[in-house]
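Remember, it's 1-based here, ligands and their atoms both numbered in the order they're listed.
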Amino acid sequence: MIAYGNVFKRKADNAVVLFQSSLDTGLFLFLSSKFTIIPAIPVSRREVAMSFFPDVAKIRYEGPDSKNPLAFRHYNEAEIVEGKSMKEHLRFAVCYWHTFRGMGGDPFGPGCAVRPWEDGTDSVEMAIRRVRVAFEFLEKLGAPFYCFHDRDVAPEGKSLSETNRNLDAVVKVLKEEQQRTGVKLLWGTANLFSNPRYVHGAATSCNADVFAYAAAQVKKCLEVTKELGGVNYVFWGGREGYTNLYNTDLKRELDHLARFFHLAVEYKKKIGFTGQFLIEPKPKEPTTHQYDFDAAAVVAFLRSYGLTDHFKLNIETNHATLAGHTMMHELAYASMHGLLGSIDANRGDLLLGWDTDQFPTDIYLTTQCMLVILGQNGLAPGGVNFDAKVRRESFEPIDLFHAHIGGMDAFALGLKIAARMRADGVLSGVIKERYSSWDSGIGAEIESRKAGFEQLESYMLQKGDAARNVSGRQELIENIVNRYIQ
Ligand code: XLS
Ligand code: NI
Ligand code: NI
């Protein structure tokens with residue numbers, strides 16, 4: 001027997017009613033006269049019975065006035081902004097590690113998250129069930145992408161070959177679920193930091209065997225990412241860095257890191273993987289001096305080692321702030337080099353000094369992100385990945401929905417605000433005016449390389465002094481920005 005969905009809206013007052021089991025035809029016909037059926041997708045008895053989030057229906061857009069906590073107020077995936085749908089602009093991804101593996105453990109206590117589907121093991125069977133959980137979540141949320149580390153999705157075995165077999169078994173199910181739901185892989189990545197073998201780093205380890213193991217792991221992860229149609233591949237240098245220079249050969253470690261990336265590029269070409277390679281900067285944690293400190297350090301590294309044609313950057317908010325920058329600065333810096341590829345959307349806590357990976361809710365932040373992203377005509381093939389976790393105190397499964405709905409809405413609102421500001425030319429006008437001395441006269445001559453030191457000296461000797469400066473009007477501009485943020 002097939003029931004047509006398990007969510008109904010009462011015609012009389014529009015109240016949403018959930019039916020958690022399948023219905024027989026008589027009852028179904030009776031209900032149809034009293035209720036509007038929300039999802040028109042047939043749901044088989046088996047799927048309804050297997051639901052891991054039985055109290056949550058597909059999250060829908062209800063508009064800014066909605067008070068339904070399980071609805072979008074701003075993310076309307078089909079809505080067109082600057083000629084593209086919100087879905088295409090934002091390319092939202094859910095991360096596997098925090099959302100499906102995070103249990104809320106911290107240095108002071110174990111995880112306390114309630115996840116009824118977990119059986120407490122790290123078995124392949126559990127990993128496969130978790131894939132079903134993940135895809136039910138993704139489907140109900142309406143996020144078009146997900147991201148994973150190899151070790152999030154499948155457990156490590158006793159040897160590399162057993163580990164690879166475990167991964168293959170889970171990848172088969174991931175593929176099946178991708179096909180069933182249409183959800184795609186934004187990026188895959190290898191976890192080169194959790195296992196004790198990576199204590200001194202992976203590509204930058206003092207132990208050459210560890211470099212070899214990391215290479216084998218990335219090789220496999222590239223194959224798997226290709227198999228799943230991943231459109232990017234991320235390198236986050238988890239333990240690539242150092243704590244003490246007395247025992248560290250800085251130059252040798254950085255040369256090894258570059259060698260590792262060149263080998264990855266070679267292998268990517270060899271297997272015909274067409275996804276974009278991304279490096280994710282982070283300044284501290286776990287090591288004191290992370291090599292990929294910030295966007296500027298990564299750009300300089302890529303340039304020094306001839307890698308700029310093969311890599312872009314995946315910029316994360318909380319990493320930007322740990323580096324003493326704003327997210328907007330990091331995005332703009334990567335973007336001006338043509339190297340902004342994707343973002344890890346989250347936020348830190350102003351009062352805490354570590355990577356708290358909270359969900360983004362600040363509209364100034366999301367507006368600033370979207371100003372840079374729209375300014376470079378989008379992120380594709382990259383996207384907006386929520387590398388974010390619910391607080392330890394938010395331990396129920398429903399909190400995962402609240403967190404993602406809030407993050408998606410914050411970005412959708414930021415997108416709308418940024419587009420309105422761009423349509424009115426508020427900031428572009430300010431910047432154009434501020435730099436107008438470069439558009440003609442001596443400014444244009446400097447930019448077009450017509451004027452050297454001698455010409456500049458005679459120009460100034462003749463003029464006597466520089467033209468007077470004008471106010472930067474910072475406060476006025478902030479007030480104007482505030483008119484848009486509502
Ligand atoms: C950790 C990083 C990590 C990367 C993927 O701080 O953000 O989650 O995004 O390895
Ligand atoms: Ni982080
Ligand atoms: Ni990240």
Check for me whether Lys268 meets the cation-pi criterion with Phe277, that is, NZ or CZ under 6.0 Å from the six-membered ring centre and within 45 degrees of the ring axis. yes
Measure from the Ni ion (ligand 2) to every N/O/S atom of Asp355 and report the name of the nearest one. OD2
Under the salt bridge (Lys or Arg N to Asp or Glu O under 4.0 Å) rule, what do Asp255 and Arg259 come out as? Steps first, then yes or no, please. CA-CA 6 Å; Asp255 286 350; Arg259 186 90 287 271; over 6 Å; no
Check the side chains of Glu177 and Tyr146 for a donor-acceptor pair under 3.5 angstrom, ignoring hydrogens and angles. no
Which of Phe100, Trp187, Phe193 passes ring-ring contact (aromatic ring centres under 6.0 Å, His included) with His149? Answer is Phe193
With a 4.0 Å cut-off on heavy atoms, is His319 in contact with ligand 1? yes
When you check the side-chain N and O atoms of Glu136 and Ser51, is any donor under 3.5 Å from an acceptor? yes
Excluding water, the protein N, O or S atoms sitting under 2.8 Å from the Ni ion (ligand 3) are Glu280 OE2, Glu316 OE1, Asp344 OD2, Asp387 OD2
Give the atom numbers and elements of ligand 1 that come within less than 4.0 Å of a heavy atom of Asp355. 6 (O)
Residue, atom name and distance, where the atom is the protein heavy atom closest to atom 10 (O) of ligand 1: His149 NE2, 2.6 Å
Under 3.5 Å, is there a donor-acceptor pair linking the side chains of Tyr61 and Asp409? no
Measure the distance from atom 8 (O) of ligand 1 to every protein heavy atom, then report the residue, atom name and distance (to 0.1 Å) of the closest one. Asp387 OD2, 3.0 Å
Where is the nearest protein heavy atom to atom 9 (O) of ligand 1: which residue, which atom, and how far? Glu280 OE1, 2.7 Å
Within 45° cone of Phe135 ring axis and under 6.0 Å: Arg180 NZ or CZ: no
the protein heavy atom lying closest to atom 6 (O) of ligand 1 turns out to be Lys282 NZ, 2.9 Å
Taking both backbone and side-chain atoms of Glu316, is any N or O found less than 3.5 Å from an N or O belonging to ligand 1? yes
Can you tell if the side chain of Trp97 reaches within under 4.5 Å of the side chain of Asp357, non-hydrogen atoms only? no
Examine ligand 1 and decide if any of its atoms is less than 4.0 Å from a heavy atom belonging to Asp344. yes
Under 3.5 Å between any N/O of Trp97 and any N/O of ligand 1: does that happen in this structure? yes
Do we see a donor-acceptor contact under 3.5 Å between the side chains of Tyr484 and Asp424? yes
Regarding Glu240 and Thr204, do their side chains bring together a donor and an acceptor under 3.5 Å, going by distance alone? yes
Under 3.5 Å, is there a donor-acceptor pair linking the side chains of Asp119 and Thr121? yes
